[in-house]
Amino acid sequence: MRPLNEQSVVITGASSGIGRRTAIEFGRRGAMLTLAARNEEALNETAEEVRAAGGRAHVVVTDVAEWDQVERLAQQAAEHWERIDTWVNNAGVTVYSLFETLSVAEIDRVIRVNLLGQIYGAKAALPHLRHAGGGTLINVSSEVGVRGVPLQSVYCAAKHGIKGFTEALRMELEHEGANIQVTLIVPSGINTPFFEHARSKMGVKPKPPGAVYEPEVVADAIVFAAENPRREIFVGAPAKSYDLLQRVSPRLVDRMMLAGGHAFEDQMTDSPDSGFDNVFETQGGKGSSRGVFPGRASSWYTRTFEHHPALKAVAAGVAAGSVAALALGLGSRLGGKADRRRFDPRGSLRRTLGR
Ligand code: NDP
């Protein structure tokens, strides 16, 4: 892997949130960036922020759901910087809704952007990574890519799909002995404009459930992966906890989430939905890295364990034992409670919507 100040890095979803912050962090290390998304004004703002941080930036307006545009992005990045060393598949959108109230067009779009967008990104990037003599493909998934949650069924499907795709591709490349690393990034809730960009059919604006981290924490993990080969990096302890609990007892996780309706209510604010989203078209404007749910500026868990494979293996063993013990204890305490304290999402959403 080349040092970051010699790397040409493509980032999709670079006009906002994690992608934008990641671009700036690469810029601080002197990388050559190709910034992709649909909002040209916000991409140009990001490019200015990258240059101010010490990096170099080139903008290519791209809709990742369109193969021709993704292929053109790769070609333009390779032409502009003479090669591609790292490709970050990060663009994403979501619709907060019960599955049955999603339209077919919304279902298609969420899959096209989140899943096909990353598959197209890999397809377009790989020939250029090979041509450069090797490189890194980084796919941004989510904690809901290791464990599904209600109100985001199709987004969860796309994020689980990214995990399966990443595992299969990694093995093909490893089997061949290709000098290409494939890293899966698994963020917990992050304070980005994602929640203002999301389409909401809940009547209220969505919010991240549980602990939230600032976008720098994910950016830090992505930049780290571009220099240090890693299979996957969980960003924030909550994402790893989901992963471990899910392995121990998926049914217990169902019960924990359903008890009192937390899995629904924790994703809903009290503020009425704005009616604006970026699912089919960009929202426009200058954009921002940060959202309106301030979070933690660092993750001790990620820096300590996810960056160090040996410590991670030890931690996984200890954590699996603790989680199993917790699961057994909780399981016996929760038994049947979820059914008694029944949360009716349809009723609740109807009340929220005033119907
Ligand atoms: P933002 O909404 O802030 O950023 C999403 C980015 O994707 C924007 O730059 C948007 O720009 C771009 N985008 C959306 N649709 C397309 C498209 N069709 N083609 C090209 N670009 C597109 O959200 P985040 O920064 O939070 O999200 C980044 C990634 O992190 C996503 O994959 C998301 O799923 C994931 N993630 C986020 C979490 C969170 O809590 N925020 C938690 C876990 C994972 P534009 O409108 O200009 O196209």
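Whatever order the structure lists ligands and atoms in, that order sets their numbers, starting from 1. Side chains included, hydrogens not; waters and symmetry mates left out as well; all remaining heavy atoms used.
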Test of ring centre spacing under 6.0 Å for Phe26 and Phe224: no
I'd like the name of whichever of Glu281, His197, Arg109 reaches closest to atom 2 (O) of ligand 1 through any heavy atom. His197
Under a 4.0 angstrom heavy-atom cut-off, which atoms of ligand 1 come close to Thr62? 19 (N), 20 (C)
Starting from atom 11 (O) of ligand 1, find the nearest protein heavy-atom neighbour and note its residue, name and distance. Ser15 OG, 2.8 Å
Looking only at distances, can you tell me whether any N or O atom of Gly13, backbone or side chain, sits closer than 3.5 Å to an N or O atom of ligand 1? yes
What I want to know is whether Thr192 and ligand 1 share at least one N or O pair that is separated by under 3.5 angstrom. yes
Check the orientation of His80 and His58. Use parallel for under 30°, tilted for 30 to 60°, and perpendicular for over 60°. parallel
Would you mind reporting whether Gln7 and Met32 have side-chain heavy atoms less than 4.5 Å apart? no
Between Val64 and ligand 1, is there a nitrogen or oxygen pair with a distance under 3.5 Å? yes
For atom 36 (N) of ligand 1, which of Phe194, Phe293, Tyr155 has the closest heavy atom? Tyr155
Mind checking whether Glu143 has an N or O less than 3.5 Å away from an N or O of ligand 1? no
Residue selection (non-hydrogen contact nearest atom 44 (C) of ligand 1) among Ser141, Ala37, Gly121, Ala23: Ser141
Would you tell me which option among Gly17, Pro187, Gly92 has the nearest heavy-atom contact to atom 5 (C) of ligand 1? Gly92
Option with minimal heavy-atom separation from atom 21 (N) of ligand 1, where the choices are Ala91, Gly284, Gly19, Gly189: Ala91
Can you tell which of Ser16, Gly287, Gly117 gets a heavy atom nearest to atom 4 (O) of ligand 1? Ser16
For the 3.5 Å polar cut-off, considering only N or O atoms, please tell me whether Asn39 and ligand 1 meet it. yes
